[in-house]
Amino acid sequence: MSSRPRLRFAPSPTGYLHVGGARTVLFNWLYARRHGGEMLLRIEDTDTERNRPELTDNILEMIEWLGLGWDGEVVHQSDNLDSHRAAADKLLGAGRAYWCDCTPEQIQQRARERGGPPGYDGHCRDRGLGPGPGTALRFRTPDEGTTEFDDLVRGRVSFENRVLEDFVLVRANGTPTFLLANLVDDAEMGITHVVRGEEHVNGTPKYLLIGEALGLDHHPTFAHLPILVNEQRKKLSKRRDSVSVATFRDEGYLPEAMVNYMALLGWGPPDGVEIRPLEEIVALFDLADVTQSPAFFDVRKLQHFNAEYIRALDTEAFLDRVRPFLAHGVATEEVLRPIAPLVQERVRLLTEVEPMVDFLRDEAIAYDDASWQKHVAKHGDRAAAMLDAAVAALAAAPWDRDAIEAALHSAASEAGFVNPEGKVQMAKAQGPVRVAVTGRGVGPPLYESLVVLGRERTLARLKDARARL
RNA sequence: GCCCCCAUCGUCCAGUGGCCUAGGACGCCGCCCUUUCAAGGCGGUAACACGGGUUCGAAUCCCGUUGGGGGUGCCA
């Protein structure tokens, strides 16, 4: 195969792009890039009943957000209905397909009465029906022989033709099914590698059989990726699991972190280095190295990756990325900027930034009850003493980080936050101050925060807290 | 039911007959550092599903069992 590989991602607009689909796009994209080929995008919209055209926008937007993209124009399967019909006619003319007017209910009922396996029984095979209302076109699967194919991920897979039921090629409403349109379009588009989820393995012999019956010289290489599962080890479902890519974006995940993480679902670099630039992954990636067993999408590991990527950003880039997640725009950015590196190191998600710095921006703060109890109330008189000492020391100190540290240090000593060896216990002493000023027990480094907050507001908040005791 | 596939730490990957007293990463636990929280450093916990073969030698090859998943739509 000397020609450049041509791959495609072929989603149907029946749901938002979810992580399973995103992983499939990624592997298609990686393989195309790795081998100097291209990855096309085809929207499989032949099921007019279920399509939701607006979802196509989401799919396109998410693929772009991930930084992947596609080659050429987006293809809409519905634009190629003439070819699908022509293929159906050809199959009918060659005796490889026939009309069937059985309803799903009838098919089920016969299967029940028969007591045999569910599925279509070939009832209309030789009834010589013509097209008409409620009549669908079925493919006549061979009664004997086997259909096999080589899969880059799974090796050789073989099916006995007799277990393949006569499936529908054209619905009663005249639209082609996925089985027909998918094959016809792949052939016309010159697709060389079909990389898709494992759920399509069973449909592959049908794909092959149609192509063969059509006399097409279309023999793509297949690669069925292991599916992504939830904690119950079930296939990720848009309904059960919250896995929309847009949701991850809105929760503050960085696209490069997601792409990096998803590349590790079913694949791993030979040197074991997991967090690395996309270009390196492209250089190392190969479908032949993809795992054969299902992978669990572990959000906790994703979060770790996201935190790593956030930390790796330079300050300006970090600010650019968080901006959409900040309330009150510029006002927030102003208080964040001075301590951005400190915040950057403490968040896993971009959405965690706002609640970490809002106390620097807002006039009024709310005390977190648990924090107040643990860091202030519990220490009783010492907390009150610390607050008083802090007010006094801070009122006189120059307003810079080191002076603030020194001031709070002496205040702690004065308030009795000293261990038996005479060492000041700043870990405990900063508690009342932190809660008084931020409302919470945890947050960015205190001294640096106070610099940003300013003397006036700091003193006012310390006094407010003191008054509550 | 039938068909297809899968099977190494809780999770994701490494391992392709001897380098494995099974390695890395996430998580978890402990210690250090430390103004909280993070980050960082150090250490630890934890797996070859089971049974037969093949072989001088199996996590690695074969068979079976068990378990899990996918498919079985006029969805894709």
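In this text, all values refer to a predicted model and were calculated from it rather than measured experimentally. Just the heavy atoms: all of them, side chains too, but no hydrogens, waters or symmetry mates, feed the values below. Chain A is the first sequence line, chain B the second, and so forth, proteins listed ahead of strands; every chain is numbered from 1.
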Q: Would you tell me if any nitrogen or oxygen in the side chain of A:Thr14 comes within less than 4.0 Å of OP1 or OP2 on B:A76?
A: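 It does not, given that no N or O in the side chain of A:Thr14 lies less than 4.0 Å from OP1 or OP2 of B:A76.
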
Q: Any strand counts, and the cut-off is 3.5 Å on both contacts for Watson-Crick or G-U wobble. Which nucleotide pairs with B:A25?
A: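 Pairing partner: B:U11.
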
Q: Work out how far the C1' atom of B:G44 is from that of B:G27, and round it to whole angstrom.
A: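 Each nucleotide's C1' atom is 14 Å from the other's.
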
Q: Would you check if there is a donor-acceptor pair between the side chains of A:Glu105 and A:Gln109 at a distance under 3.5 Å?
A: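 The answer is no; no qualifying pair exists.
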
Q: Using heavy atoms to find the nearest nucleotide of RNA chain B for A:Arg138 and A:Asn202 separately, return the residue whose nucleotide is more 5′.
A: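 Taking each residue's closest nucleotide, the earlier one in sequence belongs to A:Asn202.
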
Q: Just call it for A:Gly431: base, sugar-phosphate, or nothing, with non-hydrogen atoms closer than 4.0 Å on any strand.
A: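 Nothing, no heavy atom under 4.0 Å.
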
Q: Using a heavy-atom cut-off of under 4.0 Å over every strand shown, decide if A:Tyr447 touches base, sugar-phosphate, or nothing.
A: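 Since a base atom lies under 4.0 Å of A:Tyr447, the category is base.
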
Q: Angle between ring planes, A:Trp267 versus A:Phe285, binned at 30° and 60°: parallel, tilted or perpendicular?
A: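 Because their plane-to-plane angle lies in the 30° to 60° range, the rings of A:Trp267 and A:Phe285 count as tilted.
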
Q: For B:U34, what is the paired nucleotide under Watson-Crick or G-U wobble rules, both distances under 3.5 Å?
A: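 Check on B:U34: unpaired, no WC or wobble geometry under 3.5 Å.
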
Q: Using a 4.0 Å heavy-atom cut-off across all strands, classify A:Arg196 as base, sugar-phosphate, or nothing.
A: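 Answer is nothing: A:Arg196 stays at 4.0 Å or more from every strand.
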
Q: Given atom CD1 of A:Ile275 and atom P of B:A25, what is their separation to the nearest angstrom?
A: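 That distance rounds to 11 Å.
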
Q: What is the distance, rounded to the nearest whole Å, between atom CD1 of A:Ile227 and atom P of B:C12?
A: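 Interatomic distance, CD1 of A:Ile227 to P of B:C12: 12 Å.
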
Q: Give a yes-or-no answer on whether the side chains of A:Asn51 and A:Asp45 include a donor-acceptor pair shorter than 3.5 Å.
A: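 The criterion, which ignores hydrogens and geometry beyond distance, is not satisfied for A:Asp45 and A:Asn51.
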
Q: Remember a base hit wins even if backbone is also touched, and classify A:Pro294 as base, sugar-phosphate or nothing at under 4.0 Å, heavy atoms.
A: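 Contact class for A:Pro294: sugar-phosphate only.
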
Q: For the side chain of A:Arg154 and the base of B:C5, is some donor closer than 3.5 Å to an acceptor across the two?
A: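 Flag unset: no donor-acceptor pair detected.
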
Q: Name the nucleic acid region contacted by A:Pro270, choosing base, sugar-phosphate or nothing; use a 4.0 angstrom heavy-atom cut-off, strictly under.
A: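 No contact.
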
Q: We want to know whether A:Asp166 and A:Tyr98 form a side-chain donor-acceptor pair, criterion being a heavy-atom distance below 3.5 angstrom.
A: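 Yes.
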
Q: If we count only N and O atoms by modelled type, under 3.5 Å, do the side chains of A:Arg311 and A:Gln344 hold a donor and an acceptor together?
A: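 Checked: A:Arg311/A:Gln344 side chains show no N/O donor-acceptor pair below 3.5 Å.
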
Q: Take atom CZ in A:Arg162; do more than 12 heavy atoms of anything else shown fall under 6.0 Å from it?
A: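 It does not: A:Arg162 CZ has 12 such atoms or fewer within range.
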
Q: Calculate the interatomic distance between A:Arg233 atom CZ and B:G10 atom P; express it in whole Å.
A: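 In whole Å, B:G10 P and A:Arg233 CZ are 12 Å from each other.
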
Q: Using the C1' atom on both, measure B:A7 against B:C48 and round to a whole Å.
A: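 It works out to 10 Å between them.
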
Q: Please report the distance, rounded to the nearest Å, between CZ in A:Arg348 and P in B:A38.
A: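 It is 10 Å, rounded to the nearest whole Å.
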
Q: Contact class for A:Thr438 (heavy atom, under 4.0 Å): base, sugar-phosphate, or nothing?
A: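 If one applies the 4.0 Å heavy-atom cut-off, A:Thr438 turns out to touch nothing in the nucleic acid.
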
Q: Say you pick atom C1' in B:U16 and the same atom in B:U8; how far apart are they, in whole Å?
A: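 One C1' to the other, the span is 13 Å.
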
Q: Could you go through the side chain to side chain contact (heavy atoms under 4.5 Å, CB included) check for A:Tyr447 and A:Leu408 one step at a time?
A: CA-CA 9 Å; A:Tyr447 315 141; A:Leu408 288 179; 3.8 Å; yes

Q: Looking for any heavy atom pair under 4.0 Å, which part of the strands does A:Glu448 touch: base, sugar-phosphate only, or nothing?
A: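 The answer is base, as A:Glu448 lies within the cut-off (heavy atoms under 4.0 Å) of a base atom.
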
Q: Can you list, in residue-number order, the parts of residues 174-188 of chain A that come under 4.0 Å of RNA chain B, counting heavy atoms only?
A: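 Nucleic-acid contacts, sorted: A:Thr177, A:Phe178.
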
Q: How far, in whole Å, is B:A59 from B:C19 if one measures between their P atoms?
A: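 Those two atoms are separated by 9 Å.
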
Q: For A:Glu274, report the nucleic acid contact type (base, sugar-phosphate, nothing); a contact means any heavy atom under 4.0 Å.
A: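 It contacts base atoms.
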
Q: Using a heavy-atom cut-off of 4.0 Å across all strands, would you classify A:Arg311 as base, sugar-phosphate, or nothing?
A: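 Since only primed, P, OP1 and OP2 atoms lie under 4.0 Å of A:Arg311, the category is sugar-phosphate.
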
Q: When the C1' atoms of B:C2 and B:C63 are considered, how many whole Å apart are they?
A: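 Their C1' atoms lie roughly 23 Å apart.
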
Q: Check whether any side-chain N or O of A:Gln292 sits under 4.0 Å from OP1 or OP2 of B:C6, and answer yes or no.
A: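 Checking A:Gln292 against B:C6: at least one side-chain N or O falls below 4.0 Å of OP1 or OP2.
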
Q: Send over the distance from A:Asn230 CG to B:U11 P, rounded to a whole Å.
A: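 In whole Å, B:U11 P lies 13 Å from A:Asn230 CG.
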
Q: How about A:His224 and A:Thr204: does a side-chain donor come under 3.5 Å of a side-chain acceptor?
A: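 Short answer, yes.
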
Q: Using atom C1' of each nucleotide, how far apart are B:A49 and B:G18 to the nearest Å?
A: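 To the nearest whole Å, 24 Å.
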
Q: So what's B:A59 paired with, Watson-Crick or G-U wobble, going by both distances under 3.5 Å?
A: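 Here B:A59 is not engaged in any pair, so there is no nucleotide opposite it.
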
Q: Need to verify one output field. Residue with the more 5' nearest nucleotide on RNA chain B, A:Arg156 or A:Pro226?
A: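 Result of the comparison: A:Arg156.
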
Q: Would you classify A:Ala172 as touching base, sugar-phosphate or nothing, given that sugar-phosphate means primed atoms plus P, OP1 and OP2, and contacts are heavy atoms under 4.0 Å?
A: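 Base contact - A:Ala172 has a heavy atom under 4.0 Å of at least one base atom.
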
Q: Whether the A:Tyr207 and A:His218 side chains hold a donor-acceptor pair (N or O, under 3.5 Å, no angle test) is what I'd like checked.
A: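 There is such a pair (donor and acceptor under 3.5 Å, judged by atom type) between the side chains of A:Tyr207 and A:His218.
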
Q: Expressed in whole Å, how much space separates the P atoms belonging to B:C32 and B:G23?
A: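 Roughly 27 Å separates the two P atoms.
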
Q: Going by atom types alone, do A:His193 and A:Asn28 pair a side-chain donor with an acceptor below 3.5 Å?
A: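 Absent: no donor and acceptor within the cut-off.
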
Q: Would you classify A:Glu198 as touching base, sugar-phosphate or nothing, given that sugar-phosphate means primed atoms plus P, OP1 and OP2, and contacts are heavy atoms under 4.0 Å?
A: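 Answer is base: heavy atoms of A:Glu198 come under 4.0 Å of a base.
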
Q: With a 4.0 Å cut-off on heavy atoms, is A:Gly119 in touch with a base, just the backbone sugar-phosphate, or nothing at all?
A: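 It contacts sugar-phosphate atoms only.
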
Q: Between the protein and nucleotides 58-67 of chain B, which nitrogen or oxygen pairs come in under 3.5 angstrom?
A:
none

Q: For a quick check under 3.5 Å, do A:Glu144 and A:Asn161 share a side-chain donor-acceptor pair by atom type?
A: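 Their side chains do not contain a donor-acceptor pair, so the 3.5 Å distance test is not met.
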
Q: At 4.0 Å (heavy atoms only), tell me whether A:Lys234 reaches a base, stays on the sugar-phosphate, or touches nothing.
A: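 If one applies the 4.0 Å heavy-atom cut-off, A:Lys234 turns out to touch the sugar-phosphate alone, with no base involved.
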
Q: Please report the distance separating the P of B:A39 from the corresponding atom of B:C20, rounded so that it comes out in whole Å.
A: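 These two P atoms come out 32 Å apart once rounded.
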
Q: Do A:Tyr253 and A:Phe305 have their ring centres less than 6.0 Å from each other?
A: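 They do not qualify: ring centres at least 6.0 Å apart.
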
Q: Counting the atoms with a prime plus P, OP1 and OP2 as sugar-phosphate, which does A:Thr46 contact under 4.0 Å by heavy atoms, base, sugar-phosphate, or nothing?
A: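 Counting heavy atoms under 4.0 Å across all strands, the contact made by A:Thr46 is with sugar-phosphate only.
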
Q: Any luck finding a side-chain donor-acceptor pair between A:Ser12 and A:Arg42 under 3.5 Å?
A: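 Looking only at side-chain atoms, A:Arg42 and A:Ser12 do not form any donor-acceptor pair under 3.5 Å.
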
